[in-house]
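Below is one structure; the comments refer to it alone.
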Amino acid sequence: MTTTGKSRSGAEGGESRGNVDRYTPADIEKKWQTKWEADGIYQAPDHVEGKENYFSLVMFPYPSGDIHMGHWFQYSGSDAYARFKRMQGYNVLHPQGFDSFGLPAENAAIERGADPREWTYSNIENSRRQFREMGASYDWSRELVTSDPDYYKWNQYWFLQFYKNGLAYRENGQANWCPKDQTTLANEQVKDGACERCGTAVTRRAMPQWFFAITKYADELLEMDSLDWPEKIKTMQRNWIGRSTGTTIGFDVSEFAPGEKIETFTTRIDTVFGVTFVVLAPEHPLIEKLTQPDHKAAVDAYVENAARETEIDRTSTEREKTGVATGAHCINPLNGERIPVLVGDYVLASYGTGAVMGVPAHDARDFVFAKKYDLEIRVVVSPPDWDGREFEDAWIPAGTQVNSGEFNGMSSIDGKEAIADKIESNGWGTRTITYHLRDWLISRQRYWGTPIPIVYCDDCGTVPVPEHELPVRLPDKVRFDSDGRSPLTKDTSFLNTECPDCGKPAKRETDTLDTFVCSSWYHLRFASPNPDEDPLEVDQVSAWVPVAAYQGGAEHAVMHLLYSRFFNKALRDLKFVEFDEPYTKLTNQGMLTKDGGKISKRSNPLPPDPVVEKHGADTLRCYLMFLGPWDQGGDWSDSGINGIKRWLSRIWDVAQRDKSKLGASGSEDAERGLARIAHATTQRVLADMDVFKFNTSIAALMEFTTALMRSYESGDVSAASWRAGIDRLLLHTAPLAPHIAEELWQRTGHTGSIHLELNPAFDESLIAMDTITLAVQVQGKLRDQIEVPADIAQDAAIEAAKEAPNVMRHLEGMLIVKEIYVPGRLINIVVRPA
RNA sequence: GCCGAAGUGGCGGAAUGGCAGACGCGAUGGAUUCAAAAUCCAUUGGGGUAACACCCGUGUGGGUUCGACUCCCACCUUCGGCACCA
């Protein structure tokens with residue numbers, strides 16, 4: 001038989017492997033991409049006899065120009081998973097589309113004079129090309145583009161349904177404003193007080209805005225037990241919703257504002273006897289009424305200053321707490337005390353009631369505030385060993401009620417309930433639940449989005465556009481001025497319309513919808529892509545949704561993923577869908593970095609196209625999946641990619657060897673050895689692929705590839721079992737490296753696409769070994785190894801272990817205390833000196 | 001500050017109570033070549049030995065266990081999230 005060296009030599013190699021060409025990805029990848037598309041092999045019919053439907057969805061991209069390396073990482077893994085599920089025998093829906101509304105298109109317009117529509121659609125064209133080059137198995141017949149009127153029409157439709165059912169409303173209030181992007185933002189889109197998109201410090205601005213009533217679902221959104229999601233994401237959602245139970249209590253101010261009370265919310269009603277002041281947020285409506293003439297100048301200045309400050313300044317925990325007295329006082333209903341009312345910007349208008357009762361002894365913030373303004377610090381919950389001395393810090397934990405009238409001596413845990421009871425029975429307040437979650441602000445003062453289908457009429461007021469008039473189309477060829485305002489506010493042909501009710505001239509709403517509205521229901525449209533007259537076809541939706549496996553980045557934890565859940569619940573209550581949750585299982589791909597840092601076009605570039613050109617799409621796909629566990633991300637390095645290229649080349653080589661060099665039957669040992677690794681490989685790959693562990697799947701396949709080469713070179717295996725091994729290798733490689741697997745599948749004489757085949761099965765009995773190696777430890781330290789029959793009994797194994805030479809040495813002069821036998825793995829002999 | 005994840009060779013990582021370092025990169029030596037590239041073979045945690053033996057080794061310190069990368073406690077570092085939420 002040929003030795004390795006000989007089989008590699010030019011003359012013989014050609015002979016033994018039959019004029020095999022070198023692995024050149026460029027020669028095969030485009031060919032298969034075209035063929036797959038022409039044959040429509042990835043199109044998912046709504047029903048296939050004998051197959052279960054499986055919706056594997058990956059978050060669709062914003063078409064910013066390029067499918068970058070991070071996208072490759074995300075989409076290679078999710079595509080491999082969808083392909084794997086298809087080969088598991090499921091009827092898999094794996095669609096793709098474009099989340100194509102959004103600010104970058106407008107910024108391109110403003111900065112470069114590009115037309116947002118042209119800019120967007122040419123980017124989409126480019127992205128489609130790149131997706132194709134990736135060899136992704138998308139069902140392109142279901143592609144959706146959210147900036148197409150036949151998609152955003154339904155955004156408008158949903159808005160109208162929500163509006164009719166009290167889930168969409170317009171309200172004048174303080175909104176987060178990004179001065180750079182010239183638009184308001186939802187709370188979720190403000191990170192560290194800055195615009196999530198551009199990083200500009202967010203300010204507050206009072207203006208009427210549209211909201212979706214997500215808070216109505218706050219409690220239901222907290223129920224996540226049924227979701228197979230990463231715990232981390234669930235925790236983030238729970239924290240964001242931020243449910244806290246407490247008591248609202250009113251502090252009478254009728255002395256200064258007849259009939260008025262300051263409502264405050266507290267989770268620590270047990271400390272209410274320790275209230276020595278009340279602080280209002282600078283935006284609190286009662287400030288004007290309460291401020292006394294001699295304090296007015298100071299209060300006005302303070303409030304004005306607070307309004308000017310950015311969210312970053314306002315919410316910094318570092319900065320000193322400030323406040324100013326109003327001159328007014330209020331009454332603590334529990335003890336009738338008269339206490340000062342101040343204004344302070346550490347109190348947030350947007351949370352609770354916008355006013356807090358100040359209990360410096362038992363709240364860290366109130367404590368520093370009281371110290372600074374020399375306000376009384378009265379202990380009402382005593383620490384266990386308190387000697388009556390002044391506090392150096394607020395005491396937050398529970399304790400014993402003191403200075404609390406009739407509640408003295410009670411534990412503060414009981415006090416909390418007893419005091420709340422008293423407050424409720426006297427009508428001073430009520431037990432209340434508050435949430436950090438705010439209603440979803442959906443108005444954007446931008447052009448490139450879904451127009452909100454509302455008309456304002458002088459006579460009829462706010463009038464929804466009738467459904468049959470949808471879509472309200474976004475005008476084309478608009479003008480962008482340097483003032484940064486949305487072109488819609490100046491486009492008279494858009495702006496001026498007739499009132500749907502009375503027919504008189506009226507004005508259109510010029511705000512557009514937050515683009516997260518588009519992604520809140522796109523999975524439904526993928527399932528039901530075609531209806532014209534209705535948003536969805538119920539049968540199609542129920543055939544596919546909820547999404548069985550959803551993949552995407554963790555950065556969407558409290559934005560897209562929360563909005564989408566809300567949308568689902570709202571649509572359920574409006575009888576459009578029947579299920580409670582949109583995405584059953586969620587997997588977060590990790591982040592791909594380069595040199596440990598974020599990949600960025602400017603500072604840390606890593607364009608995929610040159611890599612594809614040099615190594616091919618299959619190599620890049622596999623390399624990205626080989627970097628590490630997919631859900632943990634990875635760090636790109638140029639050097640490692642050769643290893644994957646070598647592996648694929650070895651597959652290319654081994655699969656095309658001339659099997660006629662092998663005999664009709666092989667040696668028993670070699671046959672069993674090959675069967676063992678073949679079946680063991682399948683076992684490993686099936687288990688790992690199912691949990692997105694592509695890296696270890698590839699490692700298993702690399703080992704199998706080597707084993708196949710060795711079997712061939714040894715010449716001891718039959719042509720048939722070697723051939724079967726090659727098939728198995730190709731089938732497992734298919735989801736990871738679809739082009740080379742398909743090419744070799746054809747070259748090895750199969751007809752039909754490998755991607756329509758099923759995963760091979762494995763037989764556990766073939767994986768089992770006849771003889772096994774047992775590790776033998778003495779005192780838990782490895783001392784020797786013994787070869788024993790796999791079915792050896794415990795006693796026999798231990799006897800054999802004691803006879804191993806190196807074990808004997810360590811047993812000498814020792815008394816055996818204990819013998820531990822782990823079947824198939826090891827023996828541990830515990831001894832002590834005799 | 002709070003919550004969460006992670007820390008393993010020169011590097012990416014594997015092993016989740018049972019032989020640490022699978023697989024790959026890189027490196028070293030060899031084969032092939034006029035030469036190089038490519039490819040193939042071998043070695044590759046540290047110390048130690050002629051070779052064995054043996055000792056050390058999964059961020060640090062303690063603990064549980066016959067046995068710990070794995071479980072528990074404390075700490076350090078890195079990354080992610082939240083952060084005046086009353």
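Only heavy atoms go into these numbers, but all of them, side chains included; no hydrogens, no water, no symmetry mates. Here is how names work: the chains are called A, B, and so on, in the same order as the sequence lines, proteins then strands, and each is numbered from 1.
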(request) Based on the glycosidic angle (syn within 90° of 0, else anti), state the conformation of B:G48. (result)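 Anti, which is what one calls it when the glycosidic angle falls more than 90° from 0.
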
Under 4.0 Å between a side-chain N or O of [X] and OP1 or OP2 of [N]?
X	N	answer
A:K781	B:C56	yes
A:K693	B:A15	yes
A:R646	B:U39	yes
A:R710	B:C41	yes
A:R783	B:C55	yes
A:H810	B:C54	yes

(request) Scan residues 825-832 of chain A against RNA chain B and write down, sorted by residue number, each residue with any heavy atom closer than 4.0 Å; if none is found, say none. (result)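 Output list: A:R825, A:L826, A:N828, A:V830.
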
(request) Tell me which residues in residues 695-704 of chain A put a heavy atom below 4.0 Å from RNA chain B, sorted by number, or none. (result)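 Heavy-atom cutoff 4.0 Å gives A:N695, A:T696, A:A699, A:M702, A:E703.
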
Look at all strands and tell whether [X] reaches a base, only sugar-phosphate, or nothing, counting heavy atoms closer than 4.0 Å.
X	result
A:V347	base
A:K191	sugar-phosphate
A:L348	base

(message) From the set B:C3, B:A53, B:C23, return the single nucleotide nearest to any side-chain atom of A:R809.
(response)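 Shortest atom-to-atom distance from the side chain points to B:A53.
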
(message) Which nucleotide wins on minimum distance to the side chain of A:I820, given the candidates B:G81, B:C66, B:A86?
(response) B:C66

(request) On RNA chain B, check which nucleotide each of A:Q785 and A:T267 is closest to and give me the residue with the more 5' one. (result) A:Q785

(message) Taking salt bridge (charged side-chain N to carboxylate O under 4.0 Å, His left out) as the cut-off, I'd like each qualifying pair that reaches into residues 272-282 of chain A, sequence neighbours left out, listed once.
(response)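 Residue pairs passing salt bridge (charged side-chain N to carboxylate O under 4.0 Å, His left out), neighbours aside: none found.
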
(message) On a heavy-atom basis, which atom in A:T353 and which in A:T264 lie closest, and how many Å separate them?
(response) OG1-CA, 3.2 Å

